[in-house]
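The structure under discussion appears below in the form of structure tokens.
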There are 2 protein chains.
Amino acid sequence: MDVKTLCLGVLSRRDCSGYEIRKQFEEGPFAHFQDAGFGSIYPALKKLTESGLVNCRAEEQDSRPDKKVYAITQKGRQALFDAVNQQPAADKLRSDFMFMLFFADLLAPAAIDRMIAQRSAHHAKLLNRLEGCDRVLPAGERFVLNYGIAIHRAALAYFEDHGHELVGALLQKDVAE
Amino acid sequence: MDVKTLCLGVLSRRDCSGYEIRKQFEEGPFAHFQDAGFGSIYPALKKLTESGLVNCRAEEQDSRPDKKVYAITQKGRQALFDAVNQQPAADKLRSDFMFMLFFADLLAPAAIDRMIAQRSAHHAKLLNRLEGCDRVLPAGERFVLNYGIAIHRAALAYFEDHGHELVGALLQKDVAE
DNA sequence: GGTTGCATGTAAATGGTTACATGATTGT
DNA sequence: ACAATCATGTAACCATTTACATGCAACC
């Protein structure tokens with residue numbers, strides 16, 4: 001599933017500019033399971049326009065440069081339909097954070113403490129955002145939203161319940177040496 | 001954190017061939033938060049050897065081609081130490097599965113049912129693998145292992161508790177039309 | 001006879017990130 | 001003043017994936 005398809009998904013819900021699409025991956029309804037930056041979104045929109053899956057209109061704005069607003073076409077909807085009816089590829093997760101904690105022996109206990117506190121704060125922030133969403137949503141969107149809430153809650157709970165154990169174990173090890 | 005660093009991490013625990021490294025990302029202790037395939041591991045090992053971060057020895061085997069076993073050097077350990085003491089980059093997650101469910105309106109209820117059952121089975125399998133691990137591990141490894149267990153348990157519970165709701169909502173919608 | 005596991009590697013293609021380039025407005 | 005937000009885009013670079021190339025052993 002490439003950025004082109006992701007853009008089609010975003011545009012199937014409402015017309016957007018490239019900038020607005022990116023915001024939806026950064027902090028909007030797609031943020032907790034997908035990601036895309038400007039450098040991939042703008043070229044994707046260009047290609048989608050060329051192949052007729054989206055249309056583009058320029059919207060004037062007061063004291064701002066024009067906005068290019070993209071709208072999905074019927075052909076684009078068909079392409080999205082085809083894409084979501086494929087067999088999904090396996091999830092791809094890369095967590096440097098977990099990799100580092102895996103080698104906690106190489107880290108200072110104070111550094112680990114800080115990392116875990118930051119992580120907890122991060123999960124709390126995302127949770128807050130997700131929990132603040134309007135719950136009157138199409139069934140699929142609601143399901144995915146609540147999944148995000150469940151996962152972030154579990155992660156937060158894990159750090160709160162077990163974070164100190166890790167730091168404690170390493171402090172003990174240091175004393176023993 | 002690139003594949004070179006990941007390989008250093010794997011080799012810091014024990015000497016391995018490229019093939020064995022890959023297995024550890026596929027189903028070993030790194031599988032639930034990192035990934036790497038042959039196409040990135042072999043070139044990474046080549047570069048690591050060239051820069052003196054790992055050594056390579058050929059091991060003969062009965063009725064099999066030689067194995068190239070890599071061992072981390074002191075310089076390599078230092079490089080790993082430096083890497084894990086950086087500020088971690090944000091997690092990267094791409095879930096086509098969640099993207100598809102987000103657009104559940106475009107899917108047949110039976111297809112969703114199948115997808116969720118497959119997912120649940122997948123989580124159950126990973127959970128089983130994680131729970132079967134030896135718990136007598138260095139503190140960091142144990143922490144990351146138990147985190148994986150907590151997350152997969154939460155995901156599995158979510159699908160078991162709410163999977164039918166999604167399918168139910170879509171069936172109702174179909175009746176209404 | 002086909003599939004899976006063991007075992008290594010390269011080359012081409014894909015895809016995405018990062019850095020650059022530009023510039024007005026709003027808030028601190 | 002400075003940072004952040006809005007707004008678009010390109011080009012160079014980087015990393016990874018996929019396909020290819022090879023081959024034996026074990027199992028069903």
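All of these numbers come straight from a predicted model, not from anything done at the bench.
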What is the distance from CZ of Arg22(B) to C1' of dT16(D), rounded to the nearest Å?
14 Å

Residue Tyr19(B), side-chain atoms from C-beta onward, closest of dT17(D), dT8(D), dT8(C):
dT8(C)

Honestly, is Arg119(B) close enough over Phe97(B), meaning NZ or CZ under 6.0 Å from the six-membered ring centre and within 45° of the axis?
yes

Taking DNA chain C as the partner, which of residues 41-56 of chain B come within under 4.0 angstrom of it by heavy atom?
Tyr42(B), Lys46(B)

Short side-chain N/O contact from Arg94(A) to OP1 or OP2 of dT16(D), under 4.0 Å
yes

Using only heavy-atom distances, determine whether the side chains of Asp82(B) and Gln86(B) contain a donor-acceptor pair under 3.5 Å.
no

Comparing Gly39(B) with Lys92(B), nearest DNA chain C nucleotide closer to 5' gives the residue Gly39(B)

Tell me whether the side-chain N/O atoms of Ser40(A) come closer than 4.0 Å to OP1 or OP2 in dT17(C).
yes

Quick one about Thr73(A) and Asn55(A) (side-chain donor to acceptor, distance below 3.5 Å, no hydrogens or angles considered), yes or no?
no

Within this structure, what is the CG-to-C1' distance between Asp2(B) and dC13(D), rounded to whole angstrom?
14 Å

Atom-pair distance (NZ on Lys67(B); C1' on dG5(C)), nearest Å
13 Å

Whole-Å distance separating the CZ atom of Phe38(A) from the P atom of dT5(D)
11 Å

